[in-house]
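Have a look at the structure below before the remarks.
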Amino acid sequence: MVQVTTTQTAASGTKGPPGSNLFVLRKLRRGEYDEFGDKELRDSFAVYGNVLRAEMTKDPETGWSRGFGFVSFSCSEEADVAIKHLNGTWVFGKQLKVEKTRSDLEKLS
């Protein structure tokens, strides 16, 4: 079993309102890790609105990114703009998949 943890930096915050929380997947190959972290995630999304939280899931042994994380904005409109502009794009050499979190989709339906 592989253990994963999420890290939270001082610049990170809490979840945003329903519809403003995103799941971000950086498409890595099996067994591939990189050093893309919370700061790079925040910087990539901050141009689209007020980021309340930007957290990448890390391997606890190496500290390297596991390739997925979460971003929360202060409102759903900012999250929608980020999805429109970043889903399918390449950031730091990896393609991104960006979508609303499952919990937000359940709350909105």
Compile the donor-acceptor pairs under 3.5 Å between side chains in residues 81-90 and protein atoms, sequence neighbours left out, one pair per line.
unit_1: H85; atom_1: ND1; unit_2: V81; atom_2: O; d: 3.0
unit_1: N87; atom_1: OD1; unit_2: V98; atom_2: N; d: 2.9
unit_1: T89; atom_1: OG1; unit_2: L86; atom_2: O; d: 2.7

- Query: Among all residues two or more places apart in sequence or in another chain, which pass the side-chain contact (heavy atoms from CB on, under 4.5 Å) test with P17?
  - Reply: S20
- Task: Kindly write out the residues that satisfy salt bridge (Lys or Arg N to Asp or Glu O under 4.0 Å) with K97, not counting sequence neighbours, or none if the list is empty.
- Result: E99
- Task: For D38 and M56, indicate whether the former's side chain and the latter's backbone hold a donor-acceptor pair under 3.5 Å.
- Result: yes
- Message: If you define the side chain from C-beta out and look only at heavy atoms, does anything of S65 sit under 4.5 Å from E40?
- Response: no
- Query: Can you tell me how far the CG atom of L28 sits from the CZ atom of F68, to the nearest 0.5 Å?
  - Reply: 10.5 Å
- Message: Test: side chain to side chain donor-acceptor pair (under 3.5 Å). Region: residues 67-83. Which pairs qualify, not counting sequence neighbours?
- Response: N21-S72, R53-S72, S74-E78, D80-K100
- When clusters are formed by joining ILVMFWY residues with side-chain heavy atoms under 4.5 Å apart, either directly or through shared neighbours, do V91 and V51 land in the same one? yes
- Task: Would you mind listing every salt bridge (charged side-chain N to carboxylate O under 4.0 Å, His left out) that reaches into residues 16-28, with sequence neighbours excluded?
- Result: R26-D34
- What's the shortest heavy-atom distance between A79 and G19, and which atoms? CB-O, 3.6 Å
- Item | Separation of Y48 OH from F73 CZ (nearest 0.5 Å) | 9.0 Å
- Shortest non-hydrogen pair, T101 vs F23, comes out as CG2-N, 3.8 Å
- Query: Same hydrophobic cluster for V47 and F92, using side-chain heavy-atom links shorter than 4.5 Å among ILVMFWY?
  - Reply: yes
- Query: Could you state the interatomic distance from CZ (R42) to CD (E55), rounded to the nearest 0.5 Å?
  - Reply: 9.0 Å
- CZ-OG distance between F70 and S103, expressed to the nearest 0.5 angstrom: 8.5 Å
- Query: Can you tell me how far CG of D59 sits from CH2 of W64, rounded to the nearest 0.5 angstrom?
  - Reply: 9.0 Å
- Item | L96 CG to L25 CG distance, which is reported to the nearest 0.5 Å | 8.5 Å
